[in-house]
Trainee: 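Structure below; questions to follow.
None of the values given here were measured: they were computed from a predicted structure. Along the sequence shown, residues carry numbers from 1.
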Amino acid sequence: MVDDIRVQFGRLLRQQRKAKSLTHEELAGRVGMAVPYLSDLGRGRGGSQPCDDGRSRPGPGPGAL
């Protein structure tokens, strides 16, 4: 079930990024994420993003796009 949610989120993220004509690099800069991590999210992969101190933080909020 978690994988289904990740895939659905990835599709939505990719769809919205393309609808706004944003590259991975542009979106990553807007939300403060690494491009590879953002790319993984768009493919339905990835979990929590590590912070500099090794803890986890949530991904981008709904206003990022």
Side-chain angles (χ1 to χ4, degrees):
M1 182 166 170
V2 172
D3 288 336
D4 292 339
I5 292 169
R6 287 182 180 160
V7 170
Q8 289 174 11
F9 178 78
R11 285 183 189 144
L12 179 62
L13 178 64
R14 187 173 51 248
Q15 177 186 28
Q16 291 296 309
R17 180 183 60 79
K18 288 183 176 187
K20 305 276 184 181
S21 299
L22 294 171
T23 64
H24 282 105
E25 291 80 8
E26 291 167 332
L27 180 57
R30 285 185 180 198
V31 299
M33 294 182 136
V35 173
Y37 180 76
L38 186 62
S39 180
D40 281 349
L41 285 178
R43 291 185 178 103
R45 293 185 269 165
S48 57
Q49 180 182 14
C51 294
D52 291 337
D53 61 6
R55 294 178 300 152
S56 295
R57 66 176 178 215
L65 294 175

Trainee: Do you know the tightest heavy-atom contact between Ala28 and Ala34?
Mentor: CB-C, 4.4 Å

Trainee: Quick check: do Leu27 and Val35 have side-chain heavy atoms less than 4.5 Å from each other?
Mentor: no

Trainee: When you measure from the side chain of Arg45 to the backbone N and O of Asp40, does any donor-acceptor pair fall under 3.5 Å?
Mentor: no

Trainee: Quick one: list whatever passes side chain to side chain donor-acceptor pair (under 3.5 Å) with Arg43, sequence neighbours left out.
Mentor: Ser39

Trainee: Measuring from atom CG of Leu41 to atom CZ of Arg6, what distance do you get when rounded to the nearest 0.5 angstrom?
Mentor: 9.5 Å

Trainee: Residues in side chain to side chain contact (heavy atoms under 4.5 Å, CB included) with Glu26, at least two apart?
Mentor: Leu22, Thr23

Trainee: To the nearest 0.5 angstrom, please state how far the CD atom of Gln8 sits from the CG atom of Leu13.
Mentor: 13.5 Å

Trainee: First locate atom CZ of Arg17, then atom CZ of Arg30, and finally report the distance between them rounded to the nearest 0.5 Å.
Mentor: 12.0 Å

